[in-house]
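Encoded as C-alpha cells, the structure appears first; notes follow it.
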There are 2 protein chains.
Amino acid sequence: MTTPQNLLSNLAKPAQAFSKAEQKVADAILANPELTTRSSIARLAQAAAVSEPTVNRFCKRLGATGFPDFKLKLALSLASGARFINSAVAEDDTAPTFTPKIFNASIHALEKTRDSIDPKLIHHVIDEVVASKRIYFFGQGNSGPVAQDAEFKFFRFNTPVSAHQDPLMQRMLAAASKPGDLFIIISYTGRTIGLVETARLARDSLGTVISITAPASPLARASDLAITLDVGEDTDEYLPMTSRLAQLTLLDVIATGVTLRQGQAHRPHLARIKASLASTRFNSAEQDT
Amino acid sequence: MTTPQNLLSNLAKPAQAFSKAEQKVADAILANPELTTRSSIARLAQAAAVSEPTVNRFCKRLGATGFPDFKLKLALSLASGARFINSAVAEDDTAPTFTPKIFNASIHALEKTRDSIDPKLIHHVIDEVVASKRIYFFGQGNSGPVAQDAEFKFFRFNTPVSAHQDPLMQRMLAAASKPGDLFIIISYTGRTIGLVETARLARDSLGTVISITAPASPLARASDLAITLDVGEDTDEYLPMTSRLAQLTLLDVIATGVTLRQGQAHRPHLARIKASLASTRFNSAEQDT
DNA sequence: CTTATAAATGTATTTTTATTACATACTGTG
DNA sequence: CACAGTATGTAATAAAAATACATTTATAAG
C-alpha cells in the first residue's frame, strides 16, 4: 500500500508556520477537501483569493512536486480515513463523532498488520498446523475469547482442536504434550507469566509452540514460531481491542491457508457440520450464528 | 467516505468488451497502476503504444469525465486495497497473495459497517446500558466468543455483567429477568431459534433486549432495539468472520460511549482492575493479555 | 469478392491547466 | 527610513488534456 501521507492532518495542524496567503490556501482546502481533489489550480486560487503561483508554492512546501501531485496525495489521505485517525476519542465526543473514530482506528490497525505480516512466516505456521495431530489454543483474559473463536474456526478441519482459558488446564495439557501436539498461544503483551511457563513446559515435552504476541516478548522467545503484532495500542483509558481484531484476522488467514492446502479433502466434513446446524434455525439457514 | 469506485477490478475483468487499442491501454495500466496515477496522458499513451485520444476515450468509457478524473479514481481504488477486495481467495492462492486479501476483506467490512451505522441508534443503546442494573451478553456458536469478549469489555463499568453461551442458562436467566436487566444478544443470522425464544422470554419478564444481528431477522423483530449489520458475507467455503469483527468493533463503540457518558466516575474502579493484574506479568505491565 | 457502412483509431489543433521567470509589495531590523 | 529578505502577484511559457476531424480497419450485404 502507498505510504499514508496524511496531508490533511498536516494542513489542520496549528503548529504549521504558514504565511498569510498560504494560510488562506490551507483554509480553502480544508473547507472542502473533496472538491479540491477535483479542482484546477485556478479554481482553488480563486477560492482562496490568492494567485496561482501561491497555491503552487504551497503544494511544494508540503512535499508535493506540484499541484497535481498534491491533489493526488490529498485524495489518498482522504481515502484512508485520515480525517479521524490521528484524533483519539475525546471527552466531548458524541455518538456521531466517536463511532467513525473507533471504526477507523480498527481499520488502521488492520492495515498496519496487513503491511507488516511476513508471508513466509505464515507459510511456516500453516506447515505446522497441517503437520500437527492435535491443536490447542490458549489465551487468558481478553485473549481467551480469541482462542475460543479460533477453536470454532479450526473445527472444520479433521485435526482435533480445543481452546482453553483456564491456566491450570493449560499447564496440565502442556506438561502432557507429545510430538504432533501444536499449541497456539495468544497473548497481546507476551508477558503473562502463566502463558510463558506453559509455552516452556510444552516445548520441554516435545510439543510445538506457536505464539501470536508482541515482538521481542518473553512469550515470543519461548516459542518455536512467533507471529508478532505491533499494533500501536489505544490509550490507557480505552482498553485494547484493535489488537484482538488483528489476532482474529490473522487466525482467519491461517485457517484459510490450511483450507487451501488441504484442497478438496475436507469438504465432506464441512458439509456435515452445516447440516447438523440446520435444525437450530428459522429457515434460510446461514453458516454463522 | 468516498464511494469506492473499484476501477481496478473492472479493468482486469475479462468480461469487459474492450477494443484492441483499449485493451492495450488496460494492460499498460495494469502493468503498473501506481505509476499510471502519476503519469501524463502522453506517457501512458506511449506505454500502451496508442494515441492520446484513445486513452482519453478509454477513460470516459470507464465512467470518468476525463484522464485526470480517471487517475484520481484509480488512485482511490488503489488506496482502498481494491486490488484484492473483489477477488475472493482462490484455490491457487499462496500466503503472500491470500493474506492481504483476507485483511482487505476485513477492512472493507469495517468500512461498510462504519458507513451504515446510525449514531442515533447507538445513542439509544448507550442510554439503555447506562440505565441498566445488570447486563447479560448472549451468543451461541461463533458469536459465543463475541459475547465473552463483551463481558471483558464491560467489566470495567460498575454494572454487574456476565456472558453466557449455554442455551439453557440463557433461557433460565431470561425467564427470571426483571426491569433493569439488559440482555444484549449477538447473532449473525438472527435466526437461531433458541436465541429468538430467549429474547421473547426476557421481554415477557420485563427485561430489555438489544440485539446485534441481521436486518429484518426474527431476532431483530423480537428485540427492543436492534443494531443490524449487513456485512456482505464471504462465500460458502470460508466461514464468516468479517461479521464478528464488525460486532466486536460495534461493542467497542458502545463501551466507549458508556465510558464517555460516565465521565470521571468509573476511573478508580479501572485503576483497581489494572492493579489486580500486575502480579501476573513479567514487568512492564500492559493492560491486555 | 466487392462495396457500403459503421466502428475504431490516429493526426492536428485548440483549449485548459500548471509552471516558471520576473517584478512588485510587504516586513522587520539596523 | 533605508535596506535586506521574504512574500506575493503578474505575465509569459510550457505542459497536458480535450476536441474536431481525417483516416484506417472491420463488418455485413449484395
Side-chain angles (χ1 to χ4, degrees), chain A residues 5 7 10-11 13-78, chain B residues 5 7 10-11 13-78:
Chain A
Q5 299 290 19
L7 261 188
N10 270 349
L11 280 183
K13 214 173 290 169
Q16 274 286 9
F18 287 135
S19 70
K20 238 184 301 173
E22 282 174 343
Q23 188 58 52
K24 282 200 260 178
V25 178
D27 290 345
I29 293 168
L30 251 17
N32 195 344
E34 287 285 336
L35 181 67
T36 305
T37 62
R38 282 173 281 114
S39 288
S40 70
I41 194 168
R43 189 142 130 231
L44 178 58
Q46 190 179 15
V50 300
S51 71
E52 299 182 21
T54 299
V55 174
N56 198 280
R57 278 187 285 261
F58 175 86
C59 296
K60 287 184 175 166
R61 174 178 298 254
L62 277 140
T65 66
F67 184 69
D69 184 51
F70 176 83
K71 282 196 291 190
L72 186 71
K73 287 182 167 146
L74 181 65
L76 250 29
S77 75
L78 235 44
Chain B
Q5 300 290 14
L7 261 188
N10 271 349
L11 280 183
K13 215 174 289 169
Q16 275 286 9
F18 286 136
S19 71
K20 237 184 302 174
E22 283 173 343
Q23 189 58 53
K24 282 201 261 179
V25 178
D27 291 344
I29 293 168
L30 252 17
N32 194 345
E34 289 283 339
L35 181 67
T36 304
T37 62
R38 282 173 281 117
S39 286
S40 70
I41 193 168
R43 189 144 127 228
L44 178 58
Q46 191 180 13
V50 299
S51 71
E52 298 182 21
T54 300
V55 174
N56 197 275
R57 279 187 287 261
F58 176 86
C59 296
K60 287 184 177 167
R61 174 179 300 250
L62 278 142
T65 66
F67 184 70
D69 185 50
F70 175 85
K71 282 196 293 190
L72 187 70
K73 286 179 168 149
L74 181 66
L76 249 28
S77 75
L78 235 46

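In what follows, every chain begins at residue 1, and chains take the letters A, B, ... in the order their sequences are listed. None of these values were measured; they are calculated from a predicted model.
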**Nearest-angstrom distance from the residue atom CZ of A:Arg61 to C1' of D:dT6** = 10 Å
**Asked** At under 4.0 Å between heavy atoms, what does B:Lys60 touch on the DNA or RNA strands: base, sugar-phosphate, or nothing?
**Response** sugar-phosphate
**Asked** Which is true for A:Lys71 with a 4.0 Å heavy-atom rule: it touches a base, it touches only sugar-phosphate, or it touches nothing?
**Response** sugar-phosphate
**Complete:** Separation of C:dT16 atom P from B:Asp69 atom CG, nearest Å, is 18 Å
**Request:** Ignoring the backbone of A:Thr54, work out which of C:dA18, D:dA17, D:dT8 is nearest its side chain.
**Result:** D:dT8
**Asked** Between A:Gln46 (CD) and D:dT10 (P), how many Å, whole number?
**Response** 13 Å
**Request:** Using atom NZ of B:Lys24 as one end and atom C1' of C:dT9 as the other, report the distance to the nearest whole Å.
**Result:** 10 Å
**Request:** Please examine the side chains of A:Asp27 and A:Lys24, heavy atoms only from C-beta on, and report whether any two atoms are closer than 4.5 Å.
**Result:** no
**Message:** If you only use heavy atoms from C-beta on, which nucleotide in C:dG10, D:dT10, D:dA26 is closest to the side chain of A:Ser51?
**Reply:** D:dT10
**Request:** On DNA chain D, check which nucleotide each of B:Glu52 and A:Glu52 is closest to and give me the residue with the more 5' one.
**Result:** A:Glu52
**Asked** A:Ser19 side chain: which of D:dA7, D:dA18, C:dG10 is closest?
**Response** D:dA7
**Fill in**
Comparing nearest nucleotides in DNA chain C, the 5'-proximal residue of the pair A:Arg57, A:Ile41 is A:Ile41
**Request:** Search all heavy atoms of A:Ile29 against all heavy atoms of A:Phe58 and return the closest pair with its distance.
**Result:** CD1-CE2, 3.6 Å
**Fill in**
Winner on side-chain proximity to B:Asn56, out of D:dT10, D:dA18, C:dT9, is D:dA18
**Message:** For A:Ala75 versus B:Leu76, what's the shortest heavy-atom pair and its separation?
**Reply:** O-CD1, 3.6 Å
**Request:** State which of D:dT25, D:dA17, C:dA18 makes the closest approach to the side chain of B:Lys20.
**Result:** D:dT25
**Prompt:** If you measure from NZ on B:Lys71 to SG on B:Cys59, what distance do you get to the nearest 0.5 Å?
**Reply:** 9.5 Å
**Fill in**
Against the side chain of B:Pro53, the closest entry in D:dA17, C:dT11, D:dG9 is C:dT11
**Prompt:** What is the distance from CG of B:Leu44 to C1' of D:dA18, rounded to the nearest Å?
**Reply:** 15 Å
**Request:** Report the distance from atom CZ of B:Phe67 to atom C1' of C:dT17, rounded to the nearest whole Å.
**Result:** 14 Å
**Item:** Minimal non-hydrogen separation, A:Arg43 against A:Arg38, with atom names
**Value:** NH1-O, 4.2 Å
**Length of the CZ-C1' vector between A:Phe70 and C:dT17, whole Å** = 17 Å
